[in-house]
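For reference, the structure is listed below as structure tokens.
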Amino acid sequence: MELGRRDVMGLGAGALLTAFCSSASLAQSTTPASILDNVDPELRPIAEAMLKANGPSRPWTRAMLNDIRSHMPPPAARRTDVPVEQRRVPGRAGQPEVTLWIVNARPGSSRPGILHTHGGGFILGSAQSELAYLQGIAHDLDCVIVSVEYRLAPETTYTGSIEDNYAGLKWLYDNAGALGVNRARIVAMGESAGGGHAALLALAARDRREVPLAAQILIYPMLDDRTGSGVTPPPWIGAIGWNAGANRFGWGSFLGLTPGGSNVPAAAVPARRRDLAGLPPTFIGVGGIDLFVGEDIAYAGRLTEANVPTELVVVPGAFHGFDRAGADTLVAQRFNKAKYNALRRAFGQPVVV
């Protein structure tokens with residue numbers, strides 16, 4: 001199996017990072033053959049293609065980041081049956097304006113809404129690149145989605161991007177009527193670093209008490225700067241896709257300081273927050289060989305202990321971004337069904353058995 005241009009265009013930021021980072025993982029002691037032994041058989045050809053598609057491993061640097069940014073493919077073609085609108089809205093106090101992408105708005109209706117934050121390791125990706133993917137969700141679940149074009153690191157650290165995303169959420173809530181959104185059915189959702197942003201947004205919404213959230217839907221979320229920086233996973237964890245070296249670079253860019261240390265601010269890292277009580281019902285989904293599996297399981301456990309209704313789905317043999325890179329596989333379809341049902345429950349819609 002080979003990854004063609006059409007395949008790459010449809011991957012999304014999280015799965016693109018999986019493809020870009022696969023070769024760097026081979027710097028570990030694990031060989032490609034033994035890496036593939038841990039992959040779900042249905043996903044194995046995709047993983048093998050990702051490993052073959054990359055050149056020699058190299059450390060993450062600003063020059064490498066600039067090179068990857070310059071080679072990002074154009075966004076996938078959008079659907080014609082789901083409307084999309086771009087808006088510039090005021091930022092929070094002292095912050096610049098924020099670009100939002102509004103998917104499937106219908107004034108006069110009262111439908112669920114999603115505030116979406118895209119993936120990309122805090123350093124890559126865009127809301128615009130995810131529009132075709134979001135159109136599919138909006139169509140399937142008859143909801144409105146607002147996705148935030150938050151500022152990326154290292155140009156902007158966590159203090160800026162957190163406020164960008166909160167500005168987007170507050171705008172969605174304040175303009176719910178004009179968008180056709182039911183204020184009681186707004187969910188925060190994101191994938192990878194976007195899942196980390198969604199978790200930070202849920203914490204901000206709880207603390208600021210301005211916007212009640214119906215749920216947080218965290219898809220293989222990036223929650224803990226200590227993974228790969230003091231906490232070393234087994235060699236088969238994070239061996240395909242986003243790996244420990246990439247994680248150190250992403251978190252260092254986001255934080256503006258070296259990750260893993262005692263001086264890292266808890267305000268920037270969901271896993272470092274001591275109090276998780278009062279957060280909305282949560283869905284966390286992650287692959288069993290994803291770099292983030294340990295931190296995601298731990299966060300789900302802490303949420304449960306804080307009396308937050310939490311559903312955790314761990315997919316054996318699945319790597320980071322598997323649901324996008326292998327969207328046609330049964331393992332990805334089962335995962336997406338679980339994600340959709342979590343959204344349906346938050347939306348007050350019947351689940352699909």
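Positions are given from 1 along the sequence.
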Qualifying residues under ring-ring contact (aromatic ring centres under 6.0 Å, His included), relative to Phe254, sequence neighbours excluded:
Phe122, His197, Trp251

May I ask you to say whether Glu311 pairs ionically with Arg345, meaning some side-chain N is under 4.0 Å from a carboxylate O?
yes

Show which residues join Tyr150 in its hydrophobic cluster (side-chain heavy-atom contacts under 4.5 Å, direct or indirect), or state none.
Val89, Val98, Leu100, Ile102, Leu115, Val144, Val146, Val148, Leu152, Tyr166, Leu169, Trp171, Leu172, Tyr173, Leu179, Val181, Ile186, Leu201, Val211, Leu213

Short side-chain donor-acceptor distance under 3.5 Å, Gln95 and Arg151
yes

Polar contact flag, side-chain donor to acceptor under 3.5 angstrom, Trp101-Glu149:
yes

If we ignore angles and hydrogens, is there a donor and acceptor under 3.5 Å between the side chains of Glu191 and His116?
yes

Side chains of Thr329 and Glu42: do they bring a donor and an acceptor to under 3.5 Å?
no

Just by distance, with hydrogens left out, do Ser129 and His118 show a side-chain donor and acceptor under 3.5 Å apart?
no

Heavy-atom count check: over 12 atoms from other residues, nucleotides or ligands less than 6.0 Å from Asp140 CG?
yes

Are the side chain of Arg92 and the backbone of Glu163 linked by a donor-acceptor contact shorter than 3.5 Å?
no

Flag the pair Arg334 and Asp323 as a salt bridge only when some basic side-chain nitrogen lies within less than 4.0 angstrom of an acidic carboxylate oxygen.
no

For a quick check under 3.5 Å, do Arg88 and Thr99 share a side-chain donor-acceptor pair by atom type?
yes

